[in-house]
Undergrad: 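First the structure, then my questions, so here it is.
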Amino acid sequence: MPAPETNRKLIASLFAIIFVGLAIYVQSAFDSQLREFLRAQLGGMAAQADTIANVVRLVLFGLLAFFVVRAFAFLIFGIGYRFRRGYEAPSLIRNVFSIVAFTGLFLLIFTFVFPAVNLGALFTTSALFGVILGLALQDTLGNFFSGISLQADRPFQVGDVITVGITQITGVVEEITWRAIKIRTFQNHIVVVSNSTAAKESIEVCSRDTLNARLIFFNTLYTDSPAKTIHAVREAVRDADNVSQKITPIVRIRNLGDNGPDYEVKYWLEDYAKYNDTDALVRQRIWYAFRRAGLNFAYPTRTLFVDRSAKQGIREGVDEAIIERLTAVDVFEPLSSEETAMLAHAAAVHVFAPEETVIHAGEPGSSMFVIHRGKVSVQVNDNGRPRTVATLTEGAFFGEMALFTGEPRSANIVADEETEVLEIGHDAMKHVFETNPALVESLSHIIAERRQALTDSEAAETLGSNEPAGILSAIKRFFKLK
Ligand code: CMP
């Protein structure tokens with residue numbers, strides 16, 4: 001019940017108390033005159049006249065008790081509860097209090113007005129009446145006691161969003177009375193679920209005091225990068241209105257579907273009762289994020305791929321960007337443009353997800369890699385824990401040590417973000433080595449420097465000489481160069 005309505009009802013009850021109080025005062029002041037008047041009217045039947053006067057008194061005191069109890073109930077369970085807890089007590093509690101307090105007061109007044117009547121006898125002789133009444137009120141009492149057990153359990157409160165049983169009625173709990181739960185659905189309809197039905201059904205409760213999550217689904221094409229999609233969607237959703245700032249939304253692939261990867265966004269709401277609007281806003285944000293990041297929603301498609309390349313990863317034509325990338329690698333500076341184009345042609349392009357391992361330390365390797373896009377960490381094993389010795393970005397290369405010396409890989413290479421690498425194999429390098437002795441020499445210096453940085457790691461034991469001259473001769477030996 002909204003606060004102004006409670007206040008209005010409390011004030012109305014106070015006025016009623018004053019009014020009934022005045023009526024009692026008038027009745028007491030003119031009590032003897034009233035009795036005499038009644039006796040005169042009833043022809044001297046003093047007993048009946050007294051009974052009528054006492055019934056008038058009982059009714060007036062009964063009314064006073066009723067309004068006093070009502071005022072107390074509004075004061076304690078409306079205003080007092082709201083003041084302490086921020087919301088009003090369920091009307092069921094208020095009703096139980098009112099019934100018990102009023103019955104107690106009424107019995108007191110009754111014994112005071114009719115001291116001669118034995119109430120105990122009255123109750124025992126009315127046992128049959130009680131049975132009839134009990135049968136007639138079976139459903140009502142069932143609801144009443146179910147309501148009490150629901151209140152004792154307190155699985156939900158006014159303001160929580162609940163979904164009731166197989167009928168799947170969802171809405172905000174507006175009131176819990178002695179008979180039923182009133183739910184306001186998101187179409188602004190009121191659904192009344194009787195307490196006895198609610199007690200039998202399973203009820204999903206989304207409490208307003210805790211953060212509740214929602215799932216939103218979307219999909220992309222298989223050509224769209226998961227890392228890029230996840231980043232773009234998470235950033236777009238996290239600052240949407242009513243999305244909780246306390247927990248970062250989770251974006252993840254839930255299925256590899258027919259038309260593309262299926263994703264879900266899990267986000268937490270500040271106010272769960274507004275989830276329809278927030279879901280819609282989140283979907284809207286996803287659309288805009290897709291637009292900005294150049295991502296595509298998947299729709300039912302059938303794509304026919306004609307694979308003309310002999311080997312996986314090697315393309316027919318060479319991307320200009322790859323030639324540009326290899327030209328910018330400083331160790332490849334001595335190469336002619338034809339040789340760089342040949343390397344570009346032989347290079348295979350691979351993409352790695354964030355935190356994916358590109359190279360495992362200790363494994364054999366017969367290729368080197370140039371970073372085309374992204375960033376990697378060079379990690380060595382330090383007492384069972386990975387230690388980063390270097391971070392390499394676009395244009396840097398790695399994997400040359402094992403390729404040129406034939407030794408096992410000296411370190412782990414782990415992608416820090418989505419990373420695209422160009423892999424160049426042994427045969428392509430042998431060809432350029434034969435015509436570029438300067439290249440072999442500069443590589444031997446770089447390998448020497450890198451090995452130096454690894455000397456205090458566990459891998460150092462398996463590595464050869466740290467001297468450029470030693471490395472140079474090892475490379476020549478391995479590649480059978482003169
Ligand atoms: P390789 O031994 O084939 O595999 C691991 C690679 O990590 C290695 O070749 C180098 O390319 C690279 N690497 C090792 N140590 C360093 C370092 N100190 N700085 C940069 N890169 C390194």
Side-chain angles (χ1 to χ4, degrees), residues 313 325-326 328-333 335 343 346-417 419-430 432-433 436 439-468 470-481:
R325 171 64 65 215
L326 294 182
V329 177
D330 42 8
V331 284
F332 292 152
E333 215 175 295
L335 305 189
L343 276 190
V349 184
H350 304 291
V351 64
F352 288 87
E355 292 170 34
E356 210 176 350
T357 304
V358 184
I359 279 180
H360 291 270
E363 286 185 354
S366 57
S367 56
M368 66 176 284
F369 301 82
V370 172
I371 303 175
H372 192 31
R373 178 172 63 82
K375 197 164 82 169
V376 300
S377 289
V378 181
Q379 296 179 347
V380 290
N381 196 350
D382 192 356
N383 291 326
R385 291 174 152 223
R387 177 166 60 85
T388 299
V389 291
T391 301
L392 306 174
T393 54
E394 281 170 15
F397 61 89
F398 58 86
E400 78 294 342
M401 290 190 186
L403 170 64
F404 300 140
T405 62
E407 288 165 1
R409 296 288 192 195
S410 59
N412 284 318
I413 302 285
V414 181
D416 288 341
E417 54 193 56
T419 301
E420 208 170 36
V421 293
L422 309 174
E423 184 179 17
I424 305 169
H426 178 277
D427 292 347
M429 282 315 293
K430 182 172 167 51
V432 292
F433 272 179
N436 290 282
L439 172 63
V440 186
E441 190 148 353
S442 63
L443 272 167
S444 62
H445 280 99
I446 292 171
I447 293 176
E449 270 171 37
R450 289 184 170 182
R451 273 192 182 166
Q452 194 61 43
L454 296 177
T455 41
D456 54 344
S457 76
E458 287 174 17
E461 293 158 23
T462 62
L463 298 176
S465 157
N466 269 359
E467 290 306 315
I471 296 167
L472 184 62
S473 52
I475 297 176
K476 284 184 172 171
R477 225 177 306 122
F478 187 60
F479 274 79
K480 298 191 180 69
L481 301 174

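Atoms considered below: every heavy atom in the structure, side chains included; atoms not considered: hydrogens, waters and symmetry mates. Both ligands and their constituent atoms are indexed starting at 1 by order of listing. Note that the structure is predicted; figures quoted are calculated from it, not measured.
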Undergrad: Answer side chain, backbone, both or neither: which part of L454 comes under 4.0 Å from ligand 1, heavy atoms only.
TA: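 It is the side chain that touches ligand 1; the backbone stays farther off.
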
Undergrad: What atoms of ligand 1 come within less than 4.0 Å of a heavy atom belonging to F398?
TA: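 In order of numbering, the contacting atoms are 11 (O).
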
Undergrad: Would you mind running through ligand 1 and noting each atom that sits below 4.0 Å from a heavy atom of A453?
TA: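 Answer, ordered by atom number: 18 (N).
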
Undergrad: Below 4.0 Å from ligand 1: does a non-hydrogen atom of G365 turn up there or not?
TA: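 So G365 does not count as touching ligand 1.
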
Undergrad: Going by the order shown, which atoms of ligand 1 are within less than 4.0 Å of some heavy atom of G399?
TA: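 Under 4.0 Å from G399, ligand 1 has these atoms: 1 (P), 3 (O), 6 (C), 8 (C), 9 (O), 10 (C), 11 (O).
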
Undergrad: Ignoring hydrogens, just give me the one of M401, R409, Q452 whose non-hydrogen atom is nearest atom 9 (O) of ligand 1.
TA: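 Nearest option to atom 9 (O) of ligand 1, by heavy atoms: M401.
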
Undergrad: Looking at every heavy atom in both F398 and R450, which two are closest together, and how far apart are they?
TA: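 In terms of heavy atoms, the two residues are closest at CA-NH1, 4.0 Å.
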
Undergrad: Mark yes or no: R451 above the aromatic ring of F404, with NZ or CZ under 6.0 Å from the six-membered ring centre and no more than 45 degrees from the axis.
TA: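 Because its charged atom misses either the 6.0 Å distance or the 45° angle limit, R451 does not stack over F404.
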
Undergrad: Which pair of heavy atoms, one from D416 and one from P354, lies closest together, and at what distance?
TA: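 Smallest interatomic distance, heavy atoms only, reads O-CB, 4.2 Å.
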
Undergrad: Can you sort out which atoms of ligand 1 are near I413, meaning under 4.0 Å from one of its heavy atoms?
TA: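 Result: 6 (C), 7 (O).
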
Undergrad: Specify side chain, backbone, both or neither for A390, according to which of its non-hydrogen atoms lie closer than 4.0 Å to ligand 1.
TA: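 The side chain, only.
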
Undergrad: If you look at every heavy atom in A346 and A428, which pair is closest and at what distance?
TA: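 Looking at all heavy atoms of both residues, the shortest contact is CB-CB, 3.9 Å.
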
Undergrad: Does an N or O anywhere in A402 fall below 3.5 Å from an N or O of ligand 1?
TA: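 Between A402 and ligand 1 (N or O atoms, distance only) the closest approach is under 3.5 Å.
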
Undergrad: Has the side chain of R373 got a donor or acceptor atom that lies under 3.5 Å from a matching backbone atom of E420?
TA: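 Here the side-chain-to-backbone pair does not exist.
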
Undergrad: Only counting residues at least two apart or in another chain, list the ones meeting side-chain hydrogen bond (donor to acceptor under 3.5 Å, both in side chains) with N436.
TA: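 Listed in chain order: E339.
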
Undergrad: Rounded to the nearest 0.5 Å, what separates atom CG in N381 from atom CG in N412?
TA: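 N381 atom CG to N412 atom CG measures 8.0 Å (nearest 0.5 Å).
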
